[in-house]
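Remarks on the structure that follows.
The figures that follow rest on heavy atoms only: side chains count, while hydrogens, waters and symmetry mates do not. Order of appearance sets the numbers: ligands from 1, and atoms from 1 within every ligand.
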Amino acid sequence: MTSPIRTERHDNVLVVISDNPPVNALGQAVRAGLKDAIEEAMSDDAIEAVVIRCDGRTFFAGADITEFGKPPVGPNLPETLDAMEASDKPVVAAIHGTALGGGCEVALACHYRVAVPSAKLGLPEVKLGLIPGAAGTQRLPRLVGAEAALPLVVGGNPISARKAQGIGLVDEIVGEDNLEADAIAFAKSKIGQPVPRASEGTANEDGLRDPDLFDRFRASQARKIRGFDAPNAAIEAVKAAGTMSYAEGVKKERELFTELMSGTQSAAMRHYFFAERAANKIDDVPKDTSLIPIRKVGVIGAGTMGGGISMNFLSAGIPVTILEMSQDALDRGTATMRKNYENTAKKGRMTGEQVEQAMGLLTPTLDYADLADCDLVIEAVYESMDVKKEVFGKLDEVVKQGAILASNTSYLDVNEIAAATQRPGYVVGMHFFSPANIMKLLEVVRGEKTRDDVLATVMKLSKTIGKVAAVSGVCPGFIGNRMLSKRQEQANALIMEGANYWEVDEVLLDFGFPMGPFQMGDLAGIDIGWHRDPSKVTTVREALCAVGRFGQKAGKGFYDYDEARQRTPSDEVKQIIADFAAKEGKEQREISKDEIRERLLYPMVNEGAKILEEGMAQRASDIDVVWINGYGWPLYTGGPMFWAQTIGLDTVVEGLEKHDLPVSNYLRERAAGSGKFD
Ligand code: T1G
């Protein structure tokens with residue numbers, strides 16, 4: 001087996017090259033090759049400098065995640081990096097693509113780093129429930145200071161080469177197409193000079209000067225890191241870089257890393273890493289299926305959903321023709337889109353020029369004929385099968401053959417919609433989640449007749465517009481809403497049986513959801529779909545509407561809200577619910593938070609099992625992807641199906657039986673057998 005590492009001599013410079021597709025992950029063979037190459041360079045006097053670079057699309061993108069959870073195989077990266085850094089011969093990292101995780105740590109152990117303008121550098125280990133494990137938390141702060149290091153290590157997001165140069169992580173930006181030659185020239189220019197070592201850097205003094213820097217930073221990240229273990233460990237590791245010797249700091253990092261690696265959160269987040277990528281693959285659609293070029297998109301409906309959907313394509317540089325039934329609705333829709341972009345620009349996440357660029361790609365129209373040359377048309381009209389059938393009938397007449405016709409329906413039968421056209425093979429569901437320009441999930445609903453090239457095109461397109469797609473079969477509510485309905489059923493039943501509605505929300509908040517069902521109702525508006533007749537009260541929500549409790553917008557819904565929209569439970573609502581229960585002859589009783597959690601979450605797992613059994617989802621991990629990206633299921637548990645396996649499917653079955661809730665055969669079989677869904 002040839003090593004993925006080779007060396008080339010350029011005069012007195014040794015170039016060490018990794019060729020380990022797809023991302024030059026630092027697997028065992030790469031680490032061994034790197035170690036040998038470093039030893040070769042150090043032992044040969046004819047070599048006076050070293051350049052380390054990678055073939056293919058990127059510099060090392062980190063440790064090989066597929067090796068995690070298996071017995072470690074040497075050589076270990078930190079020792080190789082320490083040997084390299086100890087050399088007196090200048091070692092230069094030549095960076096392109098994404099130098100991430102262990103890859104960034106390789107660069108940090110080099111004496112210098114040069115990068116092409118398009119390169120990015122980062123330490124995304126926290127996204128895997130880990131922290132850097134090859135001294136990244138100790139070298140980086142010493143090189144760039146704690147203040148610049150914290151966002152990288154704790155946030156896990158990469159930064160551009162220019163930004164990296166700005167904080168001192170990159171020494172020089174070189175020619176985009178001249179990386180190796182420029183890196184060799186740079187290395188030659190450093191021969192004979194004392195080599196700078198990040199491990200000996202003193203930039204971290206600011207970490208000592210400003211002791212509450214770390215508490216301040218932790219507080220600033222509180223909402224984002226709530227429930228996650230790794231970010232706090234990352235802060236502790238960076239803090240150690242300011243309070244301990246390098247050797248002690250590395251030891252501290254190793255302790256924190258080892259603890260996280262053996263924890264459930266990292267296992268869950270590594271599961272999610274591969275789940276997200278697997279979701280984009282459709283098992284029975286050949287990988288080489290030809291794609292339909294999408295050069296122009298049509299969107300029907302300029303409301304909240306239509307506008308949000310359009311923004312995804314405009315932001316990706318794809319022109320959109322948006323159609324409404326009235327000029328007024330069209331003007332309102334396009335004005336809202338502009339306002340959303342301008343708000344993003346105000347937060348510094350877009351420039352004014354980018355706003356104009358995006359809006360410049362938008363063509364509003366009242367005429368279906370303007371959609372004729374679209375390659376994809378997405379309808380986002382009122383959730384009525386009759387309305388959708390009418391729209392698809394018109395599209396069928398107007399839009400060119402070979403174009404994809406997609407419905408944004410959240411639960412209607414895509415097969416029935418397809419049957420309203422002469423081209424059911426080109427009909428597919430593209431279920432976006434509100435706000436559509438923000439939420440990452442896209443449920444791709446595969447009709448019985450949806451063609452392979454249509455599916456393959458939509459899956460590829462989802463990545464282009466920054467979405468995470470998962471394929472669902474045609475069933476009411478598809479994957480996400482179908483499971484949500486089970487949770488909602490129990491939430492409503494629980495409060496009728498005496499559970500405090502605020503405790504139902506607290507259980508989900510404590511579990512890691514961004515909010516609970518009653519908070520969500522207040523946010524969305526209790527009066528959505530209300531018949532507006534206060535004398536007609538058949539549900540709790542109608543009872544709340546009847547007394548003007550429309551939700552946050554009215555200052556009261558399930559909760560009372562102060563000016564800062566801080567919520568407090570309402571005795572009036574508690575009484576309304578109790579009266580309702582009495583009318584329905586429901587005994588009220590104390591209900592524990594354990595029972596609330598089991599009754600909210602276990603039926604969702606059971607429904608997920610049924611979805612798998614019916615073939616409505618390709619794999620259990622797709623269901624995890626849907627719930628993490630569409631509904632805020634806490635990432636550090638891996639999603640509903642992975643979480644159920646972690647606590648034990650038999651525990652879920654026992655819980656369902658204890659609460660007299662249905663148990664699907666599929667779940668029961670899996671619990672009695674492997675304890676896993678796939
Ligand atoms: N290990 C193993 N496989 C990896 C991998 C990795 N680090 N990164 C990507 N892959 C696979 C991926 O599963 C997919 O496989 C293919 O490569 C293309 O990936 C010691 C402990 C680099 C930005 O977290 O962020 O270093 O599906 O579809 O969209 O302190 O991959 O084709 O079979 O994502 O162009 C830290 C993870 C590890 C980086 C490219 N590093 N990777 O994105 O392609 S922990 C990371 C990414 C660590 C050290 C610690 C992205 C990418 P398949 P892709 P992409």
Do Arg218 and Phe214 form a cation-pi contact, if we require the NZ or CZ to be under 6.0 Å from the six-membered ring centre and within 45 degrees of the ring's axis?
no

What residues come within 4.0 Å of ligand 1, counting heavy atoms only?
Pro22, Val23, Ala25, Arg57, Ala61, Gly62, Ala63, Asp64, Ile65, Phe68, Thr98, Leu100, Gly101, Gly102, Glu105, Pro124, Glu125, Leu128, Pro132, Gly133, Ala134, Phe257, Phe273, Phe274, Arg277, Lys281

Report, one line per pair, each donor and acceptor closer than 3.5 Å where one atom sits in a side chain of residues 117-136; sequence neighbours left out.
{"unit_1": "Ser118", "atom_1": "OG", "unit_2": "Glu176", "atom_2": "OE1", "d": "3.3"}
{"unit_1": "Ser118", "atom_1": "OG", "unit_2": "Glu176", "atom_2": "OE2", "d": "2.4"}
{"unit_1": "Lys127", "atom_1": "NZ", "unit_2": "Asn157", "atom_2": "OD1", "d": "2.4"}

By ring-ring contact (aromatic ring centres under 6.0 Å, His included), Trp627 pairs with (sequence neighbours left out) Tyr631

How many angstroms lie between CD in Glu79 and CZ in Arg31, if you round to the nearest 0.5 Å?
11.0 Å

Non-neighbouring partners of Tyr246 that pass ring-ring contact (aromatic ring centres under 6.0 Å, His included), sequence neighbours left out
none

Does this structure show an ion pair linking Arg197 with Asp88, if we count only N-O contacts that are shorter than 4.0 Å?
yes

